[in-house]
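Just the heavy atoms: all of them, side chains too, but no hydrogens, waters or symmetry mates, feed the values below. So you know, we letter chains A, B, ... as the sequences are listed, proteins then strands, and number each from 1.
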Amino acid sequence: MSTKPEAIDGRYDFKTLEAKWRPLWEKLGLYQTGNDPNKPKKYILDFFPYPSGEGLSVGHCRNYVPTDVISRYYRSRGFNVMHPMGWDAFGLPTENAAIKLKAKPAELTAKFTANYKRQMSLIAASYDWSREINSSTPEYYRWTQWIFLQLYHSWYDQRKNRARPIAELEKELAATGTKNISLPSGVQALTPQEWQALSIKQKKDFLSNFRLAYRAASAVNWDPVEKTVLANEEVVDGRGWRSGALVERKVLQQWFFRITAYADRLEKDLDTIDWPESIKAMQRNWIGRSEGAEVDFKTEAGNLRVFTTRPDTLWGATFMVLSPEHPFVAQLTTSAQRAQVEQYVAAAKAQSEIARAAEEREKTGVFTGSYAINPVNDEKIPIWIADYVLMGYGTGAIMAVPAHDERDFAFARKFNLPIRVVIQPKEQKLLVDEMTEAWPHDGVMINSGHFDGTPADEAVNKVTAWLEQTGKGVRRVNYKMRDWLISRQRYWGTPIPIVHTDTLGEVPVATEQLPVVLPDVPNYEPTDTGESPLALIDEFVNITLPDGTQGRRETDTMGTFACSSWYFLRFASPRTDKVAFENDQVNYWLPVDLYVGGAEHAVMHLLYARFWTKALHDLGYVPFVEPFTVLRNQGMLLSYDNQKMSKSRGNVITPDAVAEAQGVDALRAYILFLGPFDAESKWEETGIKGVSRFLNRYWVVAQEFASVKFVEPSDERERAFKRIMHATIKRVTHDIENFQFNTAIAALMEFMNFFYECRREQEVVGVSQAMWREGLEAFTRLLAPICPFIAEEVWQEVLGHKGGSVHQQTWLSYDESALAVDEITIVVQVNGKLRDNLTVSINAGEDSIKQLALASEKVQKFIAGKAVKKVIVVPKKLVNVVVG
RNA sequence: GCCGGGGUGGCGGAAUUGGUAGACGCAAGGGACUUAAAAUCCCUCGGUUACUAAAGUGACCGUGCCGGUUCGAUUCCGGCCCUCGGCACCA
């Protein structure tokens, strides 16, 4: 049987082509990462997927096809291209599926990834599979554990604004104590002697206040369905982002990464990267930087510190509000108020902060019975407790300025607390009795002592400077972002490499002892106890340290976002078992030149990966501070019914089905042709017909090439043919580089339409065989990255290039002189309205064009009887006659 | 409420720096081929309207709305409206 496909009813047999070329390309190793030292590099990366049992839909192709086209393009432009793929294989969905199927997660993962890989090969995604990685293998997670330990052994030195080894902090504590160190709130200052006097365990506890990876008791988000805690980033509207369950508040010992230490740099460096504005905005919003001041108010329990972004409204503070969790609550509560306060605090405790914020609007609160002294005017103001003040932000206490803050206003009105205007707007005079809402906007300071009359634009700065001078307050920046909670009480994740002991406190596992292997066990269902199922496996938990100390292993695992925070580094040297990544490889390949994936990871993966990169940079492991130079988000692909594709709706379109019906080349071309890369689009069955027709037309032209007759050659026709050929090269090149794949395909369609214009039954008119061939070759090479199969078939079988694959050819460059034309069309307008066209020589001077335009009958008609005021001539484009 | 995108034919969308709005494709209508259908090929295709026997030739309107800048605005500026996405008691 011949492998040469036959045209069937003018349609080409895509299946035979695909079966023919796929194995040959594999043999050629076309997709191997380049390593020519003389070439520049491109690292083109897709978000590595979470393999699930559902497999890939055409929606995933919206991600993988464009990056594949770009990878193929840059290979042919002479770059060393690394385009790898791997699996974010740990995590809840696989584990939940495994529990349901009574299988082992590792076995399911193998099954799922094999299917993904098959589908990716089906659509001809040009991944270098020799670099495939899987985050759930010990070869990989060993190094996730290693990075965890690097963070554990580090602290953030605010003075140098970078992370440093914790050993350097210990040295400093021994020498000078905490004298020069900025202490987190609630941490006691120490002299060198006091430090020395601490036990090993106490020292460790103290250092936990500084480490980039630390364990602390904290009120956390507990997902009762997934039976694990979640990071703040994983809670959306008070619900777990995957399970949809309302999260509960639990106080548990948990592991955190101190991402807040990097808040400032994470925000500032956004300015240096080429990312979608929306993602940057989401990260800025999540980081939530606010500038303001901290001010102390005297109370019975000591100085009550508050944070405010409006120090200019200090004179308008008429009461204070503490968060229910504030440490002063007990002391400030008078016996008369005690019962009421305790009841309120208990109720608040039951809800997580996020759920509390998401659900409540109506203000609630209770009076403590105590008062504070406002340091700017020595006024005595009542102290209340309310859950609209969050312990996790600022100091957990606020001064309430009801006249100029909506929340305080609502609270004051509800509990009948006084309101005082201290900012007078220009537009109106605020009268307390008539106010229905706060005035949080601009104005002039009043009722504020010697600051009266200070205008809005100066007020905050002037007051802050005065607070600092008089020692009443300090300038301060706060962030909404909290530390990243990494513990999960689940089996299918990277074990946290820590051992707990009674005498030595927590002991990190030594690097050479890694990995801490996840035990292969038959039962791993999550528990309701707040403890990981690993805690039930004695062989895993109990350990004797080298010095004989008895210990218990940490049984929490890391959330999967730890795995994905460094995988892009691993691809540079995926097989080494000596290090997490080889420096020379990382220095060559990183940062990632193009990173493509969905927008849903804006404040999760994309934030975490930036944080790890910065930390690794500070510790000297990588030379760059941003992992992804260019980020692009593909638009969502909706199904034919305008809904998201999902199994439950039964509207998922698989690449398998499309490949079966229309072929992979048509699938790829249609994915790109649908619309702009980053716009939401809809899959339409009729739409793919257009690109199918286009490929068939190309096939027809190619197939008849050997037999067709070339008649009536003309210079003019040939020049026109050559012109559109070079124009197409120019357009396709520009469009691929700029992610405008839809117009790249439109350009190719126009070129093919021109082929058809030259064509008659078994004849090509006006163009020589040599020129026709040149055009067909150019078309084939431009189409190759988009439709690799049909292009290869035409290249080798029709055009007879036996030397190698079309995918190994150097990209075409266009000839500017071929684009030149002798005659051009000049548009003639009268008062900006189109009235005529002129065809003139390209060399026609401005004057002669002007004369021609004025002489035009159609123009004359419109200027008759009017004065010509001005004539504007735009060279090579238009003439506009202005009449009055 | 705040932040970030978008609003262009029946539909998806084009329009490198302000310069012929609607490329390319889908759908639709007409025609050719065919016993027929599919496929294929050719033509028409923003709206209103005038002239003409007709092929055709014009005019006016038109890129969410109102206004501005300009010889000229889908493009720039100001003010609105609608819509999608994100955040939302963060002091």
> Do W439(A) and F409(A) pass the ring-ring contact (aromatic ring centres under 6.0 Å, His included) test, and can you show the C-alpha distance, the side-chain angles, and the key distance before you say yes or no?
Replying inline: CA-CA 9 Å; W439(A) 177 262; F409(A) 185 86; over 10 Å; no

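- Protein atom CD of E234(A) is 18 Å distant from nucleotide atom C1' of G86(B), rounded to whole Å.
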Show me the donor-acceptor pairs within less than 3.5 Å that the side chains of residues 735-749 of chain A make with the rest of the protein, sequence neighbours left out.
| unit_1 | atom_1 | unit_2 | atom_2 | d |
| --- | --- | --- | --- | --- |
| D735(A) | OD2 | T743(A) | OG1 | 2.9 |
| D735(A) | OD2 | A744(A) | N | 3.2 |
| E737(A) | OE2 | Y73(A) | OH | 2.5 |
| N738(A) | ND2 | H734(A) | O | 2.7 |
| N738(A) | ND2 | H734(A) | NE2 | 3.4 |
| T743(A) | OG1 | Q740(A) | O | 3.0 |

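- Take Y640(A) and apply the ring pair (Phe, Tyr, Trp, His ring centres under 6.0 Å) test, not counting sequence neighbours, and it matches no residue.
- Remark: the separation of the C1' atoms in A21(B) and C61(B) is 14 Å, to the nearest Å.
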Identify all pairs in which a protein N or O lies below 3.5 Å from an N or O of nucleotides 44-48 of chain B, and state each distance.
none

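- Residue I279(A) is the one, among I279(A) and R310(A), whose nearest nucleotide of RNA chain B lies closer to the 5' end (criterion: closest heavy atom).
- With rounding to the nearest 0.5 angstrom, the OH atom of Y479(A) is 8.5 Å from the CD1 atom of I287(A).
- G56(B) and U44(B) have their C1' atoms separated by 14 Å, with the value rounded to a whole Å.
- Between D408(A) and K363(A) there is no salt bridge, since no side-chain nitrogen of the basic residue lies less than 4.0 Å from a carboxylate oxygen of the acidic one.
- Taking the centre of each ring, F411(A) and F319(A) come in below the 6.0 Å mark.
- Comparing the C1' positions of G85(B) and G31(B) gives an interatomic distance of 47 Å, to the nearest angstrom.
- Counting only heavy atoms from C-beta on, E277(A) has its side chain closest to G5(B) among A88(B), G5(B), A91(B).
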>> Output one letter per nucleotide in nucleotides 68-78 of chain B: B when a protein non-hydrogen atom lies under 4.0 Å from the base, S when only the sugar-phosphate is that close, - when neither is.
In response: ---BS------

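- Atom-to-atom distance recorded for N232(A):CG and M481(A):CE is 10.5 Å, nearest 0.5 angstrom.
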>> Base contacts versus sugar-phosphate-only contacts with protein, heavy atoms under 4.0 Å: please encode nucleotides 24-30 of chain B as B, S and - from 5' to 3'.
In response: BSSS---

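- As a whole-Å value, the separation of N642(A) CG from C11(B) C1' is 12 Å.
- Considering only side-chain atoms of F307(A), the nucleotide from G4(B), U20(B), A91(B) that sits closest is A91(B).
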> For nucleotides 57-62 of chain B, read 5' to 3', which letter fits each nucleotide if B means a protein heavy atom sits under 4.0 Å from the base, S means only the sugar-phosphate is that close, and - means neither?
Replying inline: -SSSS-

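- Listed nucleotides: C89(B), A91(B), G86(B). Nearest to the side chain of N285(A): G86(B).
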